[in-house]
2 protein chains.
Amino acid sequence: MSVNDRKMKVLQAIVDDYVTTNEPVGSKSLIERHNFPVSSATLRNDMAELERMGLIEKPHTSAGRIPSDRGYREYVDSLMTLDSLSDAERIEISGRIDESVGEVRDLLKNASAALSETTGYVSLVMTPKLAGSSLLQLKILMIEPGKALVVMVLSAGVVKDKVVRIPNFLTPDQLKEISDSVEKSLNGKPLDEITLVTLATSVKETKIPDSLLNQVLYETYTAIKQADRLDVYLDGEHNMLKLPDFSELSRARDLLGTLSHDGMVAGYVNEIEKENHGSSDTYMIRIGQEIALEGLEDCSFITTTYKVGDSISGNIGVIGPKRMDYSKVISQIDFVRYKLNDGIKKLNS
Amino acid sequence: MSVNDRKMKVLQAIVDDYVTTNEPVGSKSLIERHNFPVSSATLRNDMAELERMGLIEKPHTSAGRIPSDRGYREYVDSLMTLDSLSDAERIEISGRIDESVGEVRDLLKNASAALSETTGYVSLVMTPKLAGSSLLQLKILMIEPGKALVVMVLSAGVVKDKVVRIPNFLTPDQLKEISDSVEKSLNGKPLDEITLVTLATSVKETKIPDSLLNQVLYETYTAIKQADRLDVYLDGEHNMLKLPDFSELSRARDLLGTLSHDGMVAGYVNEIEKENHGSSDTYMIRIGQEIALEGLEDCSFITTTYKVGDSISGNIGVIGPKRMDYSKVISQIDFVRYKLNDGIKKLNS
DNA sequence: TTTGGCACTCGAAGGATAAGAGTGCTAATT
DNA sequence: AATTAGCACTCTTATCCTTCGAGTGCCAAA
């Protein structure tokens with residue numbers, strides 16, 4: 001084993017130890033716990049070198065070493081060995097997710113709950129981005145005078161709807177006429193290409209007075225725009241309070257404060273995804289300072305995607321302390337992702 | 001002023017001081033801050049008496065006094081003076097709530113956000129209980145072979161729907177036949193009186209084979225049952241970390257742990273409401289140990305109802321430290337409640 | 001019933017000290 | 001050149017002690 005190889009082993013050992021004990025690790029305990037065929041003095045030299053390379057650091061002059069952000073990065077990129085889930089864990093997760101009844105929303109919520117429960121960290125599940133998916137059907141149904149339901153069927157069988165207000169004296173027949181023309185002209189169009197103008201041109205041929213038409217069109221338009229609204233299911237925030245990493249109240253406060261703006265978190269995930277543009281099934285891992293969200297400096301953020309049909313996907317991930325068992329968490333996310341894909345397929349088929 | 005009156009004044013002063021300073025209040029500072037026309041020794045006697053009555057207590061032998069749960073109770077029931085909101089607060093709250101677009105769900109979420117924001121505590125908004133409301137319309141619409149949408153209109157104009165799976169070879173005409181018979185026989189029935197049997201009898205006369213019928217009926221039944229699902233919007237949990245009352249990490253952990261089970265909190269609110277059965281517009285206040293939820297021993301829980309139409313109502317409230325400005329919080333809830341009632345009326349009219 | 005006075009209590013804050021884990025460096029060894 | 005033993009040095013943590021001050025309870029006088 002070359003000297004360089006050993007240094008990397010040392011880094012790996014430091015990360016492993018620090019993750020489990022949450023104590024800066026010193027040369028002596030390193031020797032005790034792992035069987036390095038060298039003395040502690042040698043490890044001290046290696047550790048000094050690793051520090052020079054910026055991979056580990058000491059909290060204080062006379063303390064052991066902890067991994068730096070770059071150290072974790074090196075660990076995750078090159079040193080980590082992936083392990084797999086125990087059967088017990090699989091059963092636990094499956095149980096929670098399979099109890100979902102009927103709606104995608106339940107499924108996503110339960111997946112998030114299962115993920116935060118098994119990891120002990122914060123889980124994140126976002127509804128799929130529908131902006132790029134296309135409109136397969138659109139019907140406007142009269143509920144009662146003045147009130148209608150816009151029902152949209154999107155690619156991959158996703159159904160969205162919204163109650164809208166319409167002019168009181170619009171008749172069901174008139175509404176049907178509008179609905180049919182709109183559907184005819186929008187059919188197959190991607191959601192994000194639909195504008196108010198598109199809608200207006202689609203009903204040019206009808207004989208319904210503009211005054212009535214306009215309100216219906218506008219409401220239909222808002223319904224379409226709202227169809228791709230992003231919902232975020234964050235779960236397990238309170239888990240972070242159990243971690244020694246956040247035993248300082250101010251850290252915990254900053255963290256939970258930021259996490260309470262789920263829109264911010266979602267926005268950040270979308271940014272990350274843009275950078276990795278669309279390579280699905282891969283894991284995006286952000287460590288410590290790499291995360292551009294206030295209060296998450298001591299966290300790592302792991303995300304990946306789940307699928308709804310072929311072209312539509314949503315995000316799923318975990319926010320935990322930098323000091324986490326990356327390998328384990330990734331396999332946990334992976335299994336939840338698998339169950340989620342599966343559940344959605346069953347629901348939407 | 002009688003001696004007894006003064007004792008109550010002293011209690012009031014202690015609560016007021018303790019709420020603002022979060023320090024046990026002693027006889028001397030009491031004299032300084034309020035103009036009692038007596039000496040500190042006299043107040044000491046009064047305080048000893050109040051303690052004998054169980055209304056105040058000392059954390060330690062040589063500390064000042066803090067209100068006991070019963071002390072707060074006395075304060076809330078008899079001593080508190082209600083004040084009103086500042087214009088700035090009204091505008092702040094109105095702004096947040098008025099920006100809601102289109103859906104009741106947004107409105108509830110925003111109301112909850114506004115409430116947690118202005119109080120600085122945890123807010124709670126629950127969707128209305130629909131179990132008792134009745135079914136005015138029910139339509140089952142074919143979306144594509146194998147998939148249909150069940151649309152229900154309930155009292156007070158509330159619309160609910162759910163995508164369900166149906167047998168692949170069921171024709172739109174058959175579906176319409178089922179839909180019409182079901183609607184005819186269920187019309188006006190309260191949701192909680194509808195059973196699978198009710199549904200089955202309603203379609204006895206149709207000529208559709210049972211094998212097809214049963215799945216549709218079952219799915220419709222689950223759609224109806226799911227219509228009155230209770231959603232809970234808890235917001236501002238992280239605010240609690242800012243309070244000195246929860247600067248002990250373990251307290252904060254217990255509190256947020258319990259609050260993360262929003263189902264538990266919702267269940268508790270329903271219990272409270274049953275006890276107060278249905279007297280609307282009143283405030284239900286639980287203080288400290290009166291709250292039967294783990295981790296909320298140092299909290300107070302104030303709830304009331306908002307209205308959707310005449311007969312349907314939901315709950316809204318705040319969870320904060322016992323040591324809160326009750327009067328202020330109540331007026332804040334009251335204003336949010338008012339804005340919420342108003343917003344719903346506008347949406348549903 | 002109220003008041004001044006006084007002894008007493010107890011927590012919070014501030015040092016001082018000792019223990020312990022860990023480091024860096026030097027000189028010797030392989 | 002790489003490794004090792006040894007040792008002086010550093011820095012944190014825990015513990016104990018002291019002091020300080022706010023507050024109490026109670027007694028005797030008004």
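Proteins get letters first, then strands, A, B, ... in listed order; numbering begins at 1 in each. Predicted model only: the values in this text are computed from it and were never measured.
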Walking DNA chain C from its 5' end, the first of A:S29 and B:H60 to be reached, judged by nearest nucleotide, is B:H60
Is the count of non-hydrogen atoms from other residues, nucleotides or ligands lying under 6.0 Å from A:K328 atom NZ greater than 12?
no
Consider only side-chain N and O atoms of B:T303 and B:N315, and report whether a donor and an acceptor are under 3.5 Å apart.
no
If I take atom CG in residue B:D46 and atom P in nucleotide C:dT3, what distance separates them, rounded to the nearest angstrom?
10 Å
Sequence-distant partners of A:K58, side chain to side chain donor-acceptor pair (under 3.5 Å), two or more places apart
none
Grab the CD1-P distance between A:I66 and D:dT12 for me, whole Å please.
14 Å
A:S68 side-chain N/O to A:G54 backbone N/O, donor-acceptor pair under 3.5 Å
yes
Which atom pairs link the protein and nucleotides 23-26 of chain C when you take only N or O atoms and keep those under 3.5 Å?
from, atom 1, to, atom 2, distance (Å)
C:dT23, OP1, A:R65, NH1, 3.3
C:dT23, OP2, A:S27, N, 3.3
C:dT23, OP2, A:S27, OG, 2.9
C:dT23, O3', A:K58, NZ, 3.4
C:dG24, OP1, A:K58, NZ, 2.7
C:dG24, OP1, A:R65, NH2, 3.1
C:dG24, N7, A:R44, NE, 3.2
C:dG24, O6, A:R44, NH2, 3.3

Atom-pair distance (CG on B:L43; P on D:dT24), nearest Å
10 Å
B:I14 CD1 to D:dT24 C1', in whole Å, measures 13 Å
Length of the line joining B:I56:CD1 and D:dG23:P, which is rounded to integer Å
14 Å
Can you tell me if the side-chain N/O atoms of A:T42 get under 4.0 Å from OP1 or OP2 in D:dT3?
no
In whole angstrom, give the distance that lies between atom CG of B:L30 and atom P of D:dA22.
16 Å
Run the numbers on A:R6 and A:V38 for side-chain contact (heavy atoms from CB on, under 4.5 Å), then give the verdict.
CA-CA 10 Å; A:R6 194 188 55 219; A:V38 292; 3.7 Å; yes
Whether the B:S84 and B:S331 side chains hold a donor-acceptor pair (N or O, under 3.5 Å, no angle test) is what I'd like checked.
no
Using whole Å, what does the distance between atom P of nucleotide C:dT2 and atom CZ of B:F36 come to?
13 Å
